[in-house]
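Everything numeric here is computed off the predicted structure, so don't read it as measured data. We count residues from 1, following the sequence as given. The basis for the numbers below is simple: all heavy atoms, side chains too, and nothing from hydrogens, waters or symmetry mates. Both counts, for ligands and for their atoms, begin at 1 and track the order of listing.
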Amino acid sequence: MMEQDIQEILFSQEALARRVKELAGEIRRDYAGKAPLVVGVLRGCFVFMADLVRELDFPLTLDFMAASSYHGTESSGKVNIQLDLHDDIAGRDVLLVEDILDTGNTLSKLVAELKSRNPASLKLCVLLDKPERRVRPLEADYVGFTIPDAFVVGYGLDYEQQYRNLPYVGILKPSVYQR
Ligand code: XMP
Ligand code: MG
């Protein structure tokens with residue numbers, strides 16, 4: 001069972017739902033009268049983004065990107081865009097949604113790439129922020145929770161593609177990735 005691999009539940013399903021509603025409230029205020037493009041970073045964004053956009057009551061469109069940098073629990077620093085947007089974003093208000101801001105390698109690359117396409121605005125929304133691990137100077141505009149340096153899974157986040165379907169966010173037992 002997946003639960004046996006979890007050391008500690010950090011955010012329950014209920015806590016996540018409450019915080020996502022609060023974040024959505026901030027985003028609703030900031031984007032009132034706009035029709036942003038919400039861009040999710042696959043695959044980790046998928047649960048968070050699905051919950052978030054259903055709390056937004058203004059017109060929006062969705063798209064997705066994918067980038068690779070992780071091998072197991074280590075960020076490699078070398079980021080490749082594996083899936084790109086369908087449409088031009090020049091003049092659009094873009095909100096980039098990601099599961100976690102960790103070293104910042106992935107998001108700083110994606111942010112630089114998107115900025116070069118001249119959007120009207122670009123903001124970053126992450127469920128989790130691990131500031132201790134940052135190697136690039138990057139902060140998110142909307143942060144669900146700030147967490148210590150531990151490897152977490154669930155609510156979209158994976159370890160080797162497993163655990164994404166856990167309804168909560170928990171710390172993975174180190175024995176799982178040390179074996
Ligand atoms: P960087 O280091 O580039 O990493 O900011 C961002 C991506 O790495 C993944 N990541 C994690 N995935 N638990 C996970 O399941 C974690 O604790 C974790 N830390 C980083 C994640 O996919 C994110 O997009
Ligand atoms: Mg991942």
Any [X] heavy atom less than 4.0 Å to ligand 1:
X: Phe151; result: yes
X: Leu107; result: no
X: Arg136; result: no
X: Gly104; result: yes
X: Ala150; result: yes

Indicate whether the side chain of Asp51 and that of Tyr155 have a donor and an acceptor atom separated by less than 3.5 Å.
-> yes
Can a donor-acceptor pair be found between the side chains of Asp5 and Tyr163 at a distance below 3.5 Å?
-> yes
Whether Phe145 and Phe11 hold their rings parallel, tilted or perpendicular, with breakpoints at 30° and 60° = parallel
Mind checking whether Tyr177 and Phe151 have parallel, tilted or perpendicular rings, split at 30° and 60°?
-> perpendicular
Measure Glu98 to ligand 1 on non-hydrogen atoms and call it side chain, backbone, both or neither using the 4.0 Å cut-off.
-> side chain
Asp99 heavy atoms, cut-off 4.0 Å: which ligand 1 atoms fall inside?
-> 21 (C), 22 (O), 23 (C), 24 (O)
Residue Thr103 vicinity, atoms of ligand 1 by number, heavy atom under 4.0 Å = 1 (P), 2 (O), 3 (O), 5 (O)
Ligand 1 N/O within reach of Asp102 N/O, cut-off under 3.5 Å = yes
Among the clusters formed by ILVMFWY side chains lying less than 4.5 Å apart, do Ile81 and Leu62 turn up in the same one?
-> no
Kindly say whether [Y] contributes a backbone atom to a donor-acceptor pair with the side chain of [X] at under 3.5 angstrom?
X: Arg28; Y: Glu55; answer: yes
X: Asp141; Y: Leu124; answer: yes
X: Arg133; Y: Ala150; answer: no

Between [options], flag the one that comes closest to [atom] by a heavy atom.
atom: atom 6 (C) of ligand 1; options: Val135, Thr106, Leu128; result: Thr106
atom: atom 13 (N) of ligand 1; options: Asp158, Val152, Leu157; result: Val152
atom: atom 23 (C) of ligand 1; options: Leu101, Leu138, Ile100, Ile147; result: Ile100

